[in-house]
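Predicted, not measured: the structure shown is a model, and the values here were computed from it.
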Amino acid sequence: MGGVIPLFKVAMSDKAAALVGDVLDSGYIGQGAKVDAFESALAERLDNPRVLTVNSATSGLHLALHLVATEAGRDGEVLATALTCTATNWPILANGMRIRWVDTDPATLNMDLDDLARKITPSTRAIVLVHWGGYPVDLDRLRRVLDQAERVHGVRPRVVEDCADAWGATYRGVALGGHGNIAVYSFQAVKHLTSGDGGLVVLPDDELLARARLLRWYGIDRDGGAARFKNDIPEYGFKFNMNDINAAIGLANLEIVDDLLARHRENAAFYDAELSDVDGLELTERAADRDPSFWYYSVKVDGRDAFARRLAEAHIATSEVHHRNDTYTATRGSQALLPGLDAVAERQIALPVGWWVSDEDRAHIAKTVKAGW
């Protein structure tokens with residue numbers, strides 16, 4: 001074992017270079033045949049035909065919130081979690097909507113659905129939730145919360161699932177994006193499945209898919225023939241499309257991602273067994289109806305700074321991964337009491353769990369943690 005055991009690492013198929021070379025040699029590198037092939041392969045993998053690639057998950061979230069805002073109005077609020085990457089919440093602000101924070105469930109580090117139920121009002125336009133580290137939110141419980149909101153307030157807010165950490169994760173045997181909500185995946189450099197950079201939007205119905213397909217590329221119908229620029233554009237759009245270079249990388253890596261994901265899960269199961277009784281450390285929830293992806297392995301520890309220093313001394317990388325978003329000047333107008341988040345914000349930290357973590361590495365990590373800090 002040499003060097004630092006990293007928290008993240010790029011996974012790249014040995015076929016990627018050749019596929020990218022084919023694209024470069026073709027003379028066409030924009031959105032073309034490789035994007036079409038990648039979307040078809042992703043649709044098959046998710047068992048869901050309503051998918052749309054984009055140039056980043058952030059673009060995907062922006063597009064999703066734009067669909068919501070133009071459908072329900074920009075004058076409303078979006079209920080969101082503060083424990084996430086800023087990429088989750090900045091598209092809310094970019095679409096001119098207001099953030100209202102929902103507390104964090106200390107057991108899962110996901111959105112607290114009880115607090116969500118209390119905070120939905122007739123002004124709620126959308127709910128943006130995150131599957132933290134690839135651990136799915138209880139989507140059946142969420143559906144019941146929405147049913148109740150519809151009965152009480154006469155509104156059923158759109159849900160946007162940020163699945164950036166969660167490629168391969170399932171809830172009750174169904175891939176995320178298959179539960180009636182808008183879902184956005186990330187194919188950024190260090191994700192389970194990378195296309196260099198890029199993302200995927202999964203839509204719940206054909207009407208939204210058709211709109212999103214147009215808005216991904218300026219609002220222009222790419223199938224509108226040679227004179228498509230002369231055709232009417234009823235709704236302005238964006239430059240959010242993926243190109244064939246990224247799609248070629250994604251196609252190559254789609255062939256290896258299942259084996260990588262299996263290793264993440266094997267390593268997580270090892271930690272679950274080894275770290276369950278460590279003083280000053282608490283594991284997050286494991287529910288039988290969910291199969292997490294474990295993009296990282298979160299634990300809650302007492303004395304996080306000392307914990308991180310001790311592991312750094314043992315050449316093990318750690319990180320809180322994301323800082324609570326409610327502390328930034330950009331979100332100052334959305335302050336709220338969040339006791340659940342307060343209880344975990346300074347305790348949560350991630351351990352290396354990925355495909356690169358060998359049996360020797362994970363044994364070293366567990367031994368170091370169990371020795372104390």
Side-chain angles (χ1 to χ4, degrees), residues 54 56-106 108-133 137-139 141-142 145-146 148-150 152-153 155-166 181-186 199 201 238 240 320-346 348:
V54 285
S56 73
T58 307
S59 294
L61 290 166
H62 188 109
L63 180 56
L65 267 297
H66 178 82
L67 291 171
V68 171
T70 51
E71 180 181 65
R74 297 182 186 274
D75 60 340
E77 65 188 15
V78 177
L79 299 181
T81 175
L83 186 60
T84 184
C85 178
T86 51
T88 304
N89 290 316
W90 281 193
I92 301 171
L93 301 179
N95 275 283
M97 305 174 84
R98 302 190 310 273
I99 295 174
R100 186 179 184 197
W101 298 123
V102 178
D103 206 359
T104 297
D105 179 355
T108 63
L109 305 183
N110 284 331
M111 180 178 281
D112 182 333
L113 298 184
D114 291 334
D115 193 44
L116 174 69
R118 290 188 289 268
K119 288 180 174 174
I120 296 176
T121 74
S123 297
T124 304
R125 299 291 180 258
I127 298 160
V128 178
L129 58 84
V130 177
H131 303 288
W132 177 267
V137 169
D138 186 341
L139 294 172
R141 166 74 175 127
L142 174 64
V145 168
L146 294 174
Q148 176 68 8
E150 192 167 20
V152 173
H153 301 299
V155 297
R156 190 179 188 89
R158 287 278 190 187
V159 174
V160 178
E161 300 178 35
D162 184 338
C163 305
D165 301 348
N181 306 315
I182 302 173
V184 180
Y185 285 95
S186 173
V201 184
F238 308 93
F240 285 166
E320 64 183 274
V321 185
H322 301 304
H323 184 69
R324 55 189 297 172
N325 289 185
D326 60 332
T327 63
Y328 298 121
T329 299
T331 57
R332 183 172 291 164
S334 302
Q335 295 301 309
L337 294 174
L338 303 171
L341 178 56
D342 292 340
V344 296
E346 301 304 319
Q348 67 86 14

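Not one N or O on the side chain of Glu161 forms a donor-acceptor pair closer than 3.5 Å with the backbone of Ile182. A side-chain donor-acceptor contact under 3.5 Å links Asp162 to the backbone of Ala164. Counting only distance, with no hydrogens or angles, the side chain of Asp326 and the backbone of Thr331 share no donor-acceptor pair below 3.5 Å. Looking at Asp115, its side chain does come within 3.5 Å of a backbone N or O of Asp103 through a donor-acceptor pair. Listed for the His153 side chain is a donor-acceptor partner under 3.5 Å among the backbone atoms of Ile120. Using modelled atom types, one side-chain atom of Arg100 and one backbone atom of Lys119 make a donor-acceptor pair closer than 3.5 Å. Listed for the His131 side chain is no donor-acceptor partner under 3.5 Å among the backbone atoms of Cys163. The main-chain N or O of Ala57 is never found under 3.5 Å from a side-chain atom of Ser186 such that the two would form a donor-acceptor pair. The backbone N or O of Asp105 lies less than 3.5 Å from no partner atom in the side chain of Asp112, so there is not a single donor-acceptor pair. Side-chain N or O atoms of Thr104 include none that pairs as donor or acceptor with a backbone N or O of Pro106 at under 3.5 Å.
The two residues Val137 and Val130 come nearest to each other via the heavy atoms CG2-O, 3.6 Å. The shortest heavy-atom contact between Ala80 and Ile92 is CB-CD1, 3.9 Å. In terms of heavy atoms, Ala69 sits closest to Met97 at CB-SD, 3.7 Å. Ala166 and Tyr185 get closest at one heavy-atom pair: O-CE2, 3.7 Å.
A salt bridge does not link Asp114 to Arg118: none of the charged side-chain nitrogens sits closer than 4.0 Å to a carboxylate oxygen.
Taking the side chain as every heavy atom from C-beta outward, Tyr328 and Thr86 approach each other to under 4.5 Å. Residues Phe240 and Val201 fail the side-chain proximity criterion, which asks for heavy atoms closer than 4.5 Å. Inter-residue side-chain proximity for Leu109 and Gln348 is flagged as met; some heavy-atom pair is nearer than 4.5 Å.
Between the side chains of Glu77 and Thr124, a donor-acceptor pair is found at a separation under 3.5 Å.
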Practice problem: Could you walk me through whether Met111 and Ile127 pass the side-chain contact (heavy atoms from CB on, under 4.5 Å) test, one step at a time? | Solution: CA-CA 10 Å; Met111 180 178 281; Ile127 298 160; 4.1 Å; yes
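Legend: salt bridge (charged side-chain N to carboxylate O under 4.0 Å, His left out) pairs involving residues 328-346, not counting sequence neighbours, sorted by first then second residue: Arg304-Glu346, Arg324-Asp342.
Checked against Thr88 for a side-chain contact (heavy atoms from CB on, under 4.5 Å), the options Leu129, Val184, Val128 give a single hit: Val128.
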Taking distance alone, no hydrogens or angles, what donor-acceptor pairs closer than 3.5 Å link side-chain atoms of residues 58-67 to residues at least two apart or in another chain?
from  : atom 1 : to    : atom 2 : distance (Å)
Ser59 : OG     : Asn55 : OD1    : 2.6
Ser59 : OG     : Ser56 : OG     : 3.2
His66 : ND1    : Arg74 : NH2    : 3.1

